[in-house]
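Written below as structure tokens is the structure these notes are about.
Here is how names work: the chains are called A, B, and so on, in the same order as the sequence lines, proteins then strands, and each is numbered from 1.
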Amino acid sequence: MPSPDHRSDPGLAHTPRPGGIAARAKAHAGPEPGYLGGLNAEQRLAVETTEGPVLVLAGAGTGKTRVLTTRIAHILATGRAQPSQILAVTFTNKAAREMKERVAHLVGAVAEGMPWLGTFHSIGTRILRRHAELVGLKSNFTILDTDDQIRLMKQVIAAENIDEKRWPARQLAGLIDSWKNRALGPDQVLPGEAQAFANGRGGELYRLYQERLKTLNAADFGDLLVEAIRLFRENADVLELYQRRFRYVLVDEYQDTNVAQYLWLRLLAQGREPGQRNLACVGDDDQSIYGWRGAEVDNILRFEHDFPGARVVRLERNYRSTGHILTAASALIAHNQGRLGKTLRTEDVAGEPVTITGAWDSEEEARLVGEEIEALHVKGHSLAEMAILVRISAQMRELEDRLVQLGVPYRVIGGPRFYERMEIRDALAYLRCVASPADDLAFERILNTPKRGLGDATVQVLHAHARAARIPLMEAARYLVETEELKPKPRGTLRELLTAFGRWSGLMDTLRQGELAEIVLEESGYTDMWQRDRSAEAAGRLENLKELVRSLEEFPDLQAFLEHVSLVMEIGDGDTNERVSLMTLHAAKGLEFETVFLPGWEEGLFPNQRALDESGRAGLEEERRLAHVGLTRARRRARIYFASNRRIHGMWNATVPSRFIDELPESAVEVIDAPASYSYGGYGASRFDTVGQTPSSYATPGWQRAQARGFGSPGGGFGRGGTGGGGPGHGGFDRGAGQARRRGGTVIEGELVAKSTGSSAFSNGDRVFHQKFGPGAVVAVDGNKLTVDFDKAGRKMVLDSFVTRG
DNA sequence: CGCTCTCCTCTTTTT
DNA sequence: GAGGAGAGCG
């Protein structure tokens, strides 16, 4: 309750805030519950407007999750619903987990928790398993991930005698995905779009793929929603069951929903009686960055239209960033059209301006970022409070190299997930075969892994028989080992494998799944395969397998584990140690850091050329939202960088500062002249200076001259005078880059020597092991700096703290 | 059947 | 530049 004179519970420490909705809030009377304390007026309105459709527009850092969880707490505490009557959906498991924890914290552990709080997909799965037979599946259907999907599509394409090279399965997967995102079945595909693949056979292949899925008793991720929608549409009684059950529906990140998710929600939230239409969606149109995977910003823009009588609550008070950061982010996003419009405000100080630093090339950029991280670290800033956010993962390598050289610990967030690693997928395939012998895709995967002489020829025979007899591959194999169809050698090997599987399946009930997994991996020769492997990654892979066995033990049984794996592609939680975080801008959504580094703000990279080419203005606006997300991750410091030269697909390209830089207000930014750098200090009042825009005070006329000569930037010309006429082409760049590199070398030298304490414990000829480069031999020692000839990775310079004796 | 070489492609990513 | 996939050779 915002009014200061409001009587409050003893001990309730809530800051009175100005607001004008006291009367409305008071309608709920009674002593004020503690969980409402500390909410501002808008947040409180969002929490207490429980009935009817509500859209909460929650800008970055405005307490979105808090509103969502408090709202659930409020519904429970006021007895409006039981935990099992609330449907709360998120996109990621992480968000779901967080919400569960926070609700539990607010209301105290409610007996059965919140059974219907989860991701769209996990809840979809749950519903689908209960009514599987209504959509042609069995309740124990398997969930295929992208890898399985593509392999299956390859088979479908091959079976239709279509040239997979000309019409790649990946592309078909993309198409089918986009259809499923819009809840389109094979019959509903627009003829024009079906035309886009294999001369109009797109729709046909989609149908065949769906048929294969049903035969395999499998569903892909899209099906978890689309089949649920079909289930609801074709079975009014089932739909009504759920409509009645879910008295309150809450949706997180509504701006990321696709058409299928929207339809799914609408079916569930639009009960016949008014009391069933309590839908609350929380989102931020300015943070919609997943359009490329089917998210429809339109869903949030049209909310009021779709749900008549909807209330819209705007959360605009930002509790995260300082004034300058917020000003910069707001000014940037204001360039977007077609937004619902919010103005973020803060009561925090203006703080440090957003800095913009130009570098000669991406290598220097990485160096500048590294130096700044060190400088802040020396001043006592925690590394865990710093993050480098990049547009594409390809940017990470150079930054990583730099951090390794500096000895700055870091962690990459996102990247290949644990369960996507080859060795994990192989191991899982073994377990899947043990648990369900009819899992053809799994069986095929491990049939010849490790190599046991069951190659293409054998697979072909198996397939032919399985298809003809309409039985799973494993069953076909059992039959074939009793016949003469296979050559004696593969036949014997296959028989052995089948016997082993029989044995392992028999152990399922008596052994703990972890032990079982160990036995399977051991006896199948899989562990052995990696132990014999002398490559750099082998050790890590064995580690991962151990980790898998360990995490397996956390589940009651193998089935539960496999279910978890197909839906929750993650394991453990990243340690929050003293480490700099490195991730893509996409991965950064929802996170915040004291200091955020934003390298690579160049035309073509960010905004990304491909986004522009493929989606035009909408693409540009999504890129701009991405920039907005990036800036608003920062609490106190945001540092933007751009390089004048960058290697793209292995080729050096001259680049131009991002138009987003030009869109930042001068009042909130500071242009840094990188000292001792060959970058041209300051960025031009670029060609993006359109009519009516404030001309930049740091414009350099040389820029436009360079432009005119076909140089992306004055690259060769600045600072050294006179070489500008060197002309475009690689010669000029190579020279420039070469000099920057030489110069950079000295700087590196200084840093590293300064850091070295005493001499290294290693000497020439020592065998060492490096986490990233694998085994190698020391060829030179210089302080704490080693030059190592790595067996696989070649000669590298590394710090001794990064290697172990090996 | 398996290994090696060459060619091709190449955002963003969750479930 | 680097990884993945397919072709071709041993």
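What separates CD1 of A:Ile413 from P of B:dT12 is a distance of 17 Å, to the nearest Å. Summarising the geometry, the separation between NZ on A:Lys487 and P on B:dC1 is reported as 7 Å, rounded to the nearest angstrom. Regarding A:Ile392, its CD1 atom lies at a distance of 14 Å from the C1' atom of B:dT9, rounded to whole Å. For the pair A:Trp292 CH2 and B:dT13 P, the computed distance is 6 Å after rounding to whole Å. At whole-Å resolution of the value, OH in A:Tyr290 and P in B:dT11 are 16 Å apart. If you measure from atom CD of A:Gln395 to atom P of B:dC10, you get 18 Å, rounded to the nearest angstrom. B:dT11 atom P lies 10 Å from atom CD of A:Glu614, rounded to whole Å. When the C1' atom of B:dT11 is taken as reference, atom CE of A:Met583 falls 18 Å away, rounded to whole Å.
The side chain of A:Thr458 has B:dC1 as its nearest neighbour among B:dT11, B:dC1, B:dT13. Among the nucleotides B:dC1, B:dT15, B:dT13, the one closest to the side chain of A:Ala457 is B:dC1. Relative to the side chain of A:Thr92, the nucleotides B:dT15, B:dT11, B:dT13 differ in distance, and B:dT15 lies closest. With distances taken from any side-chain atom of A:Arg610 to the nucleotides B:dT11, B:dT13, B:dC3, the minimum falls on B:dT11. Here the nucleotide nearest the side chain of A:Thr119, chosen from B:dT11, B:dT13, B:dT15, is B:dT15. The listed nucleotides are B:dT12, B:dT15, B:dT11; the one nearest the side chain of A:Ala611 is B:dT11.
Across all strands, A:Glu623 comes closer than 4.0 Å to base atoms (heavy-atom distances). No contact: A:Asp256 has no heavy atom under 4.0 Å from any strand.
Residues A:Phe197 and A:Trp167 bring their aromatic ring centres within 6.0 Å. In this structure, A:His131 has its ring center at least 6.0 angstrom away from the ring center of A:Phe232. Between A:Tyr290 and A:His586, the distance from one ring center to the other falls under 6.0 angstrom.
If you find the closest nucleotide of DNA chain B to A:His121 and to A:Ile289, the one lying nearer the 5' end belongs to A:Ile289. Each of A:Ala587 and A:Gly455 was matched to the nucleotide of DNA chain B holding its nearest heavy atom; the match closer to the 5' end belongs to A:Gly455.
When only modelled atom types and interatomic distance are considered, A:Gln405 and A:Asp401 share no side-chain donor-acceptor pair under 3.5 Å. Of the N and O atoms on the side chains of A:Tyr254 and A:Asn299, not one donor lies less than 3.5 Å from an acceptor on the other residue.
For A:Leu184, the side chain to side chain contact (heavy atoms under 4.5 Å, CB included) partners are A:Trp179, A:Arg182, A:Gln188, not counting sequence neighbours.
A:Asn448 has no side-chain polar atom (N or O) that falls below the 4.0 Å cut-off from OP1 or OP2 of B:dC1. Look at A:Ser393 and you'll find a side-chain N or O under 4.0 angstrom from OP1 or OP2 of B:dT12. Contact annotation: A:Ser122 side-chain N/O to B:dT15 OP1/OP2 distance is not under 4.0 Å.
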Problem - Secondary-structure string, 5' to 3', Watson-Crick or G-U under 3.5 Å, | for another-strand partners, for DNA chain B - result: ||||||||||.....
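Checking A:Asp148, A:Asp147, A:Asp439 one by one against A:Arg445, the side-chain hydrogen bond (donor to acceptor under 3.5 Å, both in side chains) holds for a single residue, A:Asp147.
For A:Phe120 and B:dT15, the ring-to-base geometry does not satisfy the stacking test (centroid distance below 5.5 Å, interplanar angle below 30°).
From A:Asn181, atom CG reaches atom CG of A:Leu225 across 9.0 Å, with rounding to the nearest 0.5 Å.
In this structure, the side chain of A:Gln155 does not engage the main chain of A:Leu152 through any donor-acceptor pair within 3.5 Å. Judged by distance alone, the side chain of A:Arg97 and the main-chain N or O of A:Gly118 form no donor-acceptor pair under 3.5 Å.
For B:dT11, the O4'-C1' to base torsion is within 90° of 0; the nucleotide is therefore syn.
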Problem - Reading 5' to 3' through nucleotides 1-10 of chain C, protein heavy-atom contacts under 4.0 Å coded B for base, S for sugar-phosphate only, - for none - result: BS---SS---
Problem - Full working for side chain to side chain donor-acceptor pair (under 3.5 Å) between A:Tyr262 and A:Glu296 - result: CA-CA 9 Å; A:Tyr262 163 77; A:Glu296 284 283 339; over 6 Å; no
